[in-house]
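This report refers to the structure that appears directly beneath it.
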Amino acid sequence: MDGFHVTIRTSASPPLSGTYGRVWISLIGTLCESPPVRVEHFLLPGSAYTVVIKPKEEVGIVVLLRLRLEAQPGFPDLDWHCHDVQVRRSSEDPEVEVFPCHKWIRTADGYIELRNEKACLKKKETLDILINHRERDLQHKQQFMRWGTFVEGGPHCVDMTSVTALGPNMSYIRQRPVNNVHYIKSLIERRTSWSSLQELETFFLFNGRENTIAKYVQAHWQEDAFFGYQCLNGCNPLCIRQIHNLPPNLSVTSEMVRPFLPEDSSLGQEMERGHVYLLDYEVLDQLPANTVNDKQTYLAAPLCLLHYSRQGELKPIAIQLQQAPGPQNPVFLPSDAAPDWLLAKMWVRNSDFQVHQLLTHFLRTHLLGEVCCTATLRQLPEIHPLHQLLMPHIRSTLQINIQARVTLLATKGVFDKSIACGLEAIPLLLARGTRRLRYSSMCVPDDVRVRGLDALPICYYAQDALRVWDALHRFVAGWIRLYYCNDEDVQHDCELQNWIGEIFTEGFLGLSHIGSRRELLQMLFLCIRVNHMTNIFLDYNIWIPNSPAAMSRPPSQTKGSVSEEDVFSFLPEVNFSCHVLSVLSLLSQPAIDFVPLCHYNEWYFSSGAIVKLVEEVRRELKMLAKDIADRNSQLELPYPYLSPDCIENSVTI
Ligand SMILES: [Fe+2]
C-alpha cells in the first residue's frame, strides 16, 4: 500500500477563505490513530492539495479526521475556511471518502474533528469512537454556549455581550442597500411637537411618497374599516381574537353598540355567530411609561371591540382605554365626536406598537428563536439531522439578538430615548409576555382557528400563513420520516429529548417532552419562525399618527375633552418620531444578500433524499408566491408580507 491520499480543499467562497497558516492532520481509524502530519502546502482560496500519509500501524477504517491550524512565524494569523477533506486508502483506490467541513477554522480552536457521515441519530451509531465524538462535540459547545439572563422572568438567552465572542461560524455580515434617511435625520434635533396636520403631511411627502402602501395608509388611517383591516393584516396580526362573551371588565352594553350592528341582530347574537372580535392590551396595564426629552409619556391598556359586518368589513365598535371600568374610563364609540373616537383608536394603535415591537416581534420571534438556536447548538451535535435541518434557519439569530440587546434595548437606545415602553417597562412587559406564552399559539393552524381568523375572507395573513405552513409541513415531515420511523424513535432519541427539555426550561414553562412525530413537527416550526416577515415592514409606520410610538398626554378620562387640533398634540415630539422612524427604516430593509425561505447553501442539502424534499418545497413555495402575486394584483391594498419570496430563510434583522 502506498499510503492514504488525503486531499485538503480550501473553500472558494466566502471571500478571504485562505490562510498563511499550515494545517496538521491525523487519521482516526477504527483500530488506531495516525500521528499528526504537517501539510506543507499553502491554503489558498479554492485550492486542493493532496498529501500522502503512511501510518506505521494499520488504522482500520478512517472514521474521523483531526485537524489543527498553526500560524506561520512572520505571517498574520488568519482564519481558514475549509471546504472538505477527501481520503483514499491508496492512489489506486477508486472510492473517495469525503469529510465535509464547510466552516472556518482558527488557530485558537486547537484540534477539530471531521466525520464522514452526513446525518445520523445517536442510536444508529455502531462505534464507540463516534459516540464519543458526538459527546465531545456537545461538551465543547456547552462550554462555549452558556445560558444567560436578559430580563428576570423572560426567556433565557446566550450569555454573550459581544458578537465577536460568537466566532466566525455563528456571525455574518449583512449587506444592505444604502438606507436613505436623509429627510428623517434632518429633523432629529427638533425637540418640539408636530404643530399641525399639514406639518406631518409635509414630512410624509418626503419620506413616504415612494411607498404605495404607506400612501394608502395615510389616505385611509382614520377609517374604521382600515383600522380593522390592520388588526388582521398589519404588522401585528397576533392580538385580535374572536370572542363569544364580553370580558367582565369591559363596560359595553348591548344597547351601547346596537347602532353599529345589523338592525335585525344584537350583540349577543353577533357573538354567537362569531362576528365579534376583541383586542385586549391587558399586558400593558399599569406599566411605568417612559420619560422622553425629560417629559413624561403615557401608556394605556385598552380593550377594543370589533364587529365583522355582512359587507365583509371588520370595524371597531367600542374602545375602553383602561382595564378597570369606572366613571373616569368611558367607553368610546364610533358615534362620539370625531376627535374623541379618532384619539381612542390612536391609543389602541399606540398600545399595539408596544406589544408588537416587544412581544410579537422581540419576544416571540427573536428571543424564542435564540432559545431554539442555543438549545440546538448545546444539545444536538452537528451530525444530528435536526441540527442540519434547523441551523440554516436559526444561525443568524444569536448575532442579531446580541446586537439588539447592546444597542436598541440598551441605555440611550431607541426604546430608552423615544418609545413609551422604555427601560423600566421592558423587563416587566417581557416577563408578563413570557408568562402568557402558549405553545399552541405558536402553531399557526391552531392559533388562527382559536382566534377565529381562518374563516375571515379579508384575513390575508391567516390565508398566507396557513399555506406557507402547509408547504413547510410537508417538507419537515418528509425530513422527519427519513430519520424517525415512528413515535418511539422520537421518544428514544435522548439528544432530541435533551434539546426539547432545554427549550422548555430555558424558553418557557410547559411541555418538556416530545412524544410523537407530530409534536416534533410543531416544535420545528416554532424554530423556523416564518412569521418574522409580518413584523418588520415599515409601510404602516411611516404615517406617524397611524402608529405612535409614544403619547405625550394622558389617556382621556371624559368624552368631549379634545378638539380636532388637540389630537395631534398627543403624538410624540418630532425628534422621537424621527428617531423611531430612522431605526424602523433600518430594520425593514431587506439585505442585498437576502436568502429566501428554503434556499440553502449548506452542503448537506445538495445530495441524497434531501434534494428531492428541497426541490419539492421550493416548487410549492414558488407556486404560492405566484398565487399571492396574482391575488395581490387584484387587491386595492396588496398583502405581500408572507409571500415566500419575501420570507428570509433565517432572521438577520
Ligand atoms: Fe426582527
Side-chain angles (χ1 to χ4, degrees), residues 100 102-103 118-122 134 137-138 141-142 144-145 155 157-158 166 169-172 364-401 439 442-444 468-469 471-484 489-490 493-504 506-507 514 517-532 595-606 608-610 613-614 617-618 621 647-652:
H102 303 274
K103 60 186 172 192
K118 284 193 175 167
C120 172
L121 296 181
K122 191 172 184 179
R134 289 178 92 97
D137 182 13
L138 291 183
K141 295 273 176 44
Q142 287 168 14
F144 168 58
M145 292 278 165
C157 60
V158 70
L166 284 172
N169 290 308
M170 291 304 296
S171 51
Y172 61 92
R364 289 173 63 111
T365 311
H366 280 266
L367 283 181
L368 289 185
E370 183 169 355
V371 170
C372 292
C373 183
T374 311
T376 303
L377 288 165
R378 287 173 50 85
Q379 299 297 345
L380 298 178
E382 287 181 23
I383 204 71
H384 195 288
L386 297 184
H387 180 109
Q388 299 186 351
L389 170 69
L390 287 175
M391 207 35 76
H393 298 281
I394 55 183
R395 184 187 304 281
S396 52
T397 309
L398 300 186
Q399 173 171 332
I400 187 63
N401 286 7
Y439 178 62
M442 310 285 169
C443 306
V444 170
V468 174
W469 174 280
L472 287 181
H473 183 279
R474 278 187 284 280
F475 173 58
V476 177
W479 189 293
I480 291 174
R481 274 198 301 273
L482 288 177
Y483 299 97
Y484 298 92
D489 281 353
V490 174
D493 181 352
C494 57
E495 290 171 338
L496 171 72
Q497 295 300 337
N498 290 342
W499 172 75
I500 195 70
E502 204 155 285
I503 286 177
F504 279 97
E506 305 295 338
I514 290 280
R517 293 194 294 182
R518 185 177 174 276
E519 286 173 345
L520 173 58
L521 191 62
Q522 292 188 337
M523 193 62 226
L524 294 171
F525 274 103
L526 189 154
C527 299
I528 294 176
R529 297 157 303 141
V530 295
N531 261 5
H532 183 253
V595 179
L597 186 62
C598 293
H599 285 64
Y600 300 103
N601 297 322
E602 282 70 14
W603 57 271
Y604 39 80
F605 286 97
S606 61
I610 302 297
L613 289 174
V614 173
V617 72
R618 283 176 58 174
L621 292 174
I647 300 173
E648 206 170 13
N649 214 27
S650 177
V651 174
T652 60

About how many Å separate [atom2] of [Y] and [atom1] of [X], when rounded to the nearest 0.5 Å?
{"X": "H599", "Y": "N601", "atom1": "NE2", "atom2": "CG", "answer": "10.0 Å"}
{"X": "Q379", "Y": "N498", "atom1": "CD", "atom2": "CG", "answer": "5.0 Å"}
{"X": "C372", "Y": "I500", "atom1": "SG", "atom2": "CD1", "answer": "8.0 Å"}
{"X": "I400", "Y": "Y172", "atom1": "CD1", "atom2": "OH", "answer": "4.5 Å"}
{"X": "H102", "Y": "N169", "atom1": "NE2", "atom2": "CG", "answer": "12.0 Å"}

(message) Once you measure the plane-to-plane angle for Y600 and H393, does it fall in the parallel (<30°), tilted (30-60°) or perpendicular (>60°) bin?
(response)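 Judged by the thresholds at 30° and 60°, the geometry between Y600 and H393 is perpendicular.
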(request) Give me the ring orientation class for F475 and W479: parallel if the planes are under 30° apart, tilted from 30 to 60°, perpendicular past 60°. (result)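 Because their plane-to-plane angle is over 60°, the rings of F475 and W479 count as perpendicular.
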Can any side-chain N or O of [X] pair as donor or acceptor with the backbone N or O of [Y] at less than 3.5 Å?
{"X": "E502", "Y": "V371", "answer": "no"}
{"X": "E495", "Y": "L121", "answer": "no"}
{"X": "R378", "Y": "M145", "answer": "yes"}

(message) Looking at E382 and K103, is there a salt bridge between them, counting it only when a charged N and a carboxylate O are closer than 4.0 Å?
(response)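 Salt bridge present between K103 and E382.
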(request) Answer whether the closest heavy-atom distance between the side chains of D137 and I383 falls below 4.5 Å. (result)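 With C-beta onward as the side chain, the pair stays apart.
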(request) Evaluate the side-chain proximity of H387 to L377: yes if any heavy-atom separation is below 4.5 Å, no if none is. (result)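 L377 reaches H387 side chain to side chain.
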Least distance between heavy atoms, [X] atom then [Y] atom:
{"X": "V617", "Y": "A471", "answer": "CG2-O, 3.7 Å"}
{"X": "Y484", "Y": "H384", "answer": "OH-CE1, 3.3 Å"}
{"X": "R618", "Y": "C598", "answer": "CD-O, 3.0 Å"}

